[in-house]
Amino acid sequence: MKFSKKTYLTGALSLALSFSLIAPFAAFAAPTPDKKDAQVSVDKKAPTAPTNIYAYATTYQSVSLIWDKSTDNVDVTAYDVYADGKLVGSSTLNEYGMAMTNFTAKGLKPNTMYSFKVVAKDAAGNRSNERAQVNIRTNVLGKVFNVKDFGAVGDGVTKDTAAIQAAIDAASASPNSLVIIPAGTYYSAPLNLKSNMTFEIQKGATLLGSRDVSDYPVIQDRWEGTTFHSYQSLLQSQGVKNLKVIGEGTVDGNAGPIKAMPNNGTDEFGYPYKKVNLDGTYDYNNGTYDPNSGGKTTVYFNMGLWWDNPKATDPATQIARPRLIQFKDSNNILLQGLKITNSPSWTIHPLYSNNVVIDSVNVQNPASPVDAPNTDGVDPDSVDGLKIFGSTFDVGDDAIAIKSGKDAEGRQIARPSQNIEIRNNIMKHGHGGVTIGSEMSGDVRNVVARDDIFDGTDIGIRMKTLRGRGGTIENLTFDNIIMKDIGGDVFNINSNYTSNGVPLPFTGVIDETTPHIKNITIQNITCEGAKEASFFQGLFESPVDGLVLKNVTVHADKPLYFQYVKNIKMENVKINDGDMFQDGSIYQNLKVDGISLPDTDWK
């Protein structure tokens, strides 16, 4: 369907949250303008000030801040952060030309009150005349437990499990305790974290997962929405509260890394190497792949302990691969700063937990030249109150996949994933940037994703379900997201998803098995390069109900496709410079820039 080209107004670049989120480990204060700060120049050309600053995570030596950007953010090249009047750092332009609106001030003193201010700055050095301000106290530091004092070696070969666990157990008896893993490589079986402590993997330290499957206890768990036996995670919390897992080191699941072999053969676990025919060359010496170098290469890959195993689908006969980090039945959790890599399956799995913050982590699971299977970045699973801020995901599956249980069991447990905020993240590769479902029988609601970047994901924003699943996805907002080089759909809603279940036949009856998707807002989105602008497919008996598209610009091979979507408002939407809809789109009550369009046949 063609629309004439027109001039569009620029819309607002942010949306106030329509629900309240509680940040663990943070004291809140109203933003206060201060016009007397001598460090801020007075210049009529200065950018406007950032607003709505708050501290969303604190530790004994750091405070993480986030704020709303200046209204003229296009001219802002940095946000300078001051603590008690002293410049402590800046959030500068990243590789995408954006100054992100979060910052972690480090090297602070424990149990100390700090006054933070954030000032916007443009390329000419002009600074905002007002600024956002908040006062926050760092955490108390209790007794420190160094794992080396308990016998940990850190040579990458000696199994350090007992020593690290002994340090954790000792710290659990001391309030506000700190367990530190200093520089070195600590080969370990799964560890059980405890309440009221900080577990810090310091710079230069790596916690390396064991490659001995007998080291992994089998626990009752949830896998893809169903109660399932699985191997325990390398880092596991069960029923804990007030736990922080932080540091500048690495958690390496040791599931890979994928190792290339020049010849056919079997690995140390008896699995045959995976044969892959590549367009391009593979450098065995450096372990790098260049798809643009020309020619072809046949490479055999050693997929490690876990990635050769097929995904578990039968809870009666199979044991699921472990997640790398799991917080189960836990409250007030912070995961911050770490590089997290080579996960056996899902990387970070908050399950049945409340008030979780995932801050500034870097998750890397190989996506090319072959995928690390099922290695999602974060899988919030029946979680209430979650923030994912300032993180980078380069993974072999979805970057963030929100879930709440599958089919009858999920509806019976009835624990929704809700009150989730996803901000200032970069998704590189992966199957989806932000995905909801398909295991959503316990409901998913009140989700905001804003100020994020999707670079090369297969799909941008995705919701998936099917007849028989039941549950409701509702009140989702996607705001101010930049996308580029999307392999498939920019926006995808699929109510006939068949990769994790078999849809029930249409009976014409709406009951507890009928899924619902409603109240979805997508605004201030740009995408340059995709296969399809959208594939929105509801059900005849349960259409997608309530869709807002505002200030959206997409260039894709195919325009929008709607099937069983109703109550739609589109404002300032530019798809392929005028080619708006694919033929065969089915919708009701559609308004484009305030003009109602005729309904299509509801077949």
query = So does Asp407 pair up with Arg469, basic N to acidic O under 4.0 Å?
reply = yes
Would Glu421 and Lys387 count as a salt bridge (Lys or Arg N to Asp or Glu O under 4.0 Å) here? Give the steps.
CA-CA 5 Å; Glu421 190 176 4; Lys387 297 180 185 295; 3.2 Å; yes
Quiz item: How far apart are the C-alpha atoms of Glu409 and Thr227, what are their side-chain angles, what is the distance that settles it, and do they pass the side-chain hydrogen bond (donor to acceptor under 3.5 Å, both in side chains) test?
Solution: CA-CA 8 Å; Glu409 181 185 280; Thr227 298; 3.1 Å; yes
Exercise. Starting from the C-alpha separation in whole Å, work towards a yes-or-no answer on side-chain contact (heavy atoms from CB on, under 4.5 Å) for Phe506 and Glu541.
Key: CA-CA 8 Å; Phe506 175 48; Glu541 72 278 19; 3.3 Å; yes
Just by modelled atom types, is the Gln537 backbone N or O under 3.5 Å from a matching donor or acceptor in the Asn494 side chain?
no
Taking the six-membered ring for Trp, are Tyr216 and Trp306 ring centroids under 6.0 Å apart?
yes
Is it true that the side chains of Asp384 and Gln418 contain a donor and an acceptor less than 3.5 Å apart?
yes
Note to self: Under the criterion side-chain contact (heavy atoms from CB on, under 4.5 Å), I'd like the reasoning laid out for Met440 against Lys403: C-alpha separation, chi angles, the key distance, then a yes or no.
What the structure shows: CA-CA 5 Å; Met440 40 62 71; Lys403 305 174 183 294; over 6 Å; no
Is a side-chain donor or acceptor of Ser391 paired with a backbone partner of Val361 at a separation under 3.5 angstrom? yes
*Side chain of His431, backbone of Gly396: donor and acceptor closer than 3.5 Å?*
yes
Taken to the nearest 0.5 Å, the spacing of Phe535 CZ from Asp489 CG works out to 7.5 Å
So CG of Leu466 and OG1 of Thr498: to nearest 0.5 Å the spacing works out to 8.0 Å
Q) Does the Asp511 side chain pair with the main chain of Thr513, one donor and one acceptor, at a distance under 3.5 Å? A) yes
Salt bridge check, Glu474 against Arg445: does any charged N sit closer than 4.0 Å to a carboxylate O?
yes
NZ/NE/NH1/NH2 to OD/OE distance under 4.0 Å, Arg222 and Asp381 = yes
Is there a side-chain hydrogen bond (donor to acceptor under 3.5 Å, both in side chains) between Asn331 and Asn355? Walk through the geometry before answering.
CA-CA 6 Å; Asn331 295 286; Asn355 298 331; 5.7 Å; no
Would Phe327 and Val240 count as a side-chain contact (heavy atoms from CB on, under 4.5 Å) if you check the C-alpha gap in whole Å, the side-chain angles of each, and the deciding distance to 0.1 Å?
-> CA-CA 8 Å; Phe327 305 112; Val240 311; over 6 Å; no
Review point. Taking atom types as modelled and ignoring hydrogens, do the side chains of Ser214 and Asp212 form a donor-acceptor contact shorter than 3.5 angstrom?
Key: yes
Requested in this report: For side-chain hydrogen bond (donor to acceptor under 3.5 Å, both in side chains), just list the numbers for Gln326 and Gln232, CA-CA rounded to whole Å, side-chain angles, deciding distance to a tenth of an Å, and then say yes or no.
Outcome: CA-CA 9 Å; Gln326 186 182 67; Gln232 183 178 327; over 6 Å; no
Between Ile486 and Cys527 the two heavy atoms that sit nearest each other are CG1-SG, 3.8 Å
key: Residue pair Glu439 / Ser404, side-chain donor-acceptor N/O under 3.5 Å   = no
CG (Leu547) and NZ (Lys569) are apart, to the nearest 0.5 Å, by 11.5 Å
Q: Keeping the roles fixed (side chain from Asn425, backbone from Arg423), state whether a donor-acceptor pair exists under 3.5 Å.
A: yes
Quick check on the 6.0 Å ring-centre criterion: do Phe581 and Tyr561 meet it? no
Handout entry: Test item: side-chain donor near acceptor, Gln238 and Asn192, under 3.5 Å
Key = no
Q.
Students often mix this up, so state it plainly: with edges at 30° and 60°, are the rings of Phe536 and Phe562 parallel, tilted or perpendicular?
A. parallel
One pair to check against side-chain contact (heavy atoms from CB on, under 4.5 Å): Tyr186 and Ile164. What are the steps and the verdict?
CA-CA 9 Å; Tyr186 298 81; Ile164 299 172; 4.1 Å; yes
If you apply the rule side-chain hydrogen bond (donor to acceptor under 3.5 Å, both in side chains), what do you find for Tyr273 with Asp267, and how did you get there?
CA-CA 7 Å; Tyr273 296 148; Asp267 63 20; over 6 Å; no
- Establish, from distance only, whether the side-chain atoms of Asn365 and Thr347 form a donor-acceptor pair under 3.5 Å. yes
Say whether Asp379 and His349, considering side chains only, have a donor N or O and an acceptor N or O under 3.5 Å apart. no
Worksheet entry | Ring centre gap for Tyr587 and Tyr564 strictly below 6.0 Å | no
Value for CD1 (Ile520) from CD1 (Ile473), rounded to nearest 0.5 Å, stands at 7.0 Å
Side chains of Asp252 and Thr341 only: does a donor on one sit below 3.5 Å from an acceptor on the other? no
Between Lys406 and Asn500, is there a side-chain donor-acceptor contact under 3.5 Å, judged purely by atom types and distance?
yes
query: Does Ser382 reach the main-chain N or O of Arg415 with its side chain, forming a donor-acceptor pair under 3.5 Å?
result: yes
Ser230 side chain to Pro322 main-chain N or O, any donor-acceptor pair under 3.5 Å?
no
Do Ser172 and Asp169 have side-chain atoms, one donor and one acceptor, less than 3.5 Å apart? no
Scanning both residues in full, the closest heavy-atom pair of Leu549 with Val573 reads O-CG2, 3.4 Å
- Query: Would Asp394 and His429 count as having a side-chain donor-acceptor pair, cut-off 3.5 Å?
  - Reply: yes
Between Arg323 and Asp221 (salt bridge meaning N to carboxylate O under 4.0 Å), is one present in this structure? yes
### Query
Is there a donor in the side chain of Asn242 and an acceptor in the side chain of Asn196, or the other way round, less than 3.5 Å apart?
yes
Flag, side chain of Thr226 to backbone of Phe228, donor-acceptor distance under 3.5 Å: no
Closest non-hydrogen contact found for Pro380 with Ile400 is CD-CG2, 4.3 Å
- request: Using only heavy-atom distances, determine whether the side chains of Asn374 and Glu224 contain a donor-acceptor pair under 3.5 Å.
  value: no
Output for pair (Asp398 CG, Asp376 CG), nearest 0.5 Å, gives 5.0 Å
- Message: Could you check whether Ser237 and Ser330, counting side-chain N and O atoms only, form a donor-acceptor pair closer than 3.5 Å?
- Response: yes
- Message: Looking only at the side chains, is there a donor atom on one of Asn302 and Tyr271 sitting less than 3.5 Å from an acceptor on the other?
- Response: no
Between Ser195 (side chain) and Lys241 (backbone), is there a donor-acceptor pair under 3.5 Å? yes
**Asked** Is the side chain of Asn254 donor-acceptor paired with the backbone N or O of Gly209 at a distance under 3.5 Å, no angle test?
**Response** yes
When rounded to the nearest 0.5 Å, the distance separating NE2 of His516 from OG1 of Thr514 is 5.5 Å
- prompt: How about Arg321 and Asn309: does a side-chain donor come under 3.5 Å of a side-chain acceptor?
  reply: no
Here the pair of heavy atoms bringing Thr101 nearest to Asn424 is N-ND2, 2.9 Å
_What I want to find out is whether Glu200 reaches Lys244 closely enough, with some N-O distance under 4.0 Å, to be called a salt bridge._
no
All heavy atoms of Trp223 vs all of Ala312, minimum pair found to be NE1-O, 3.0 Å
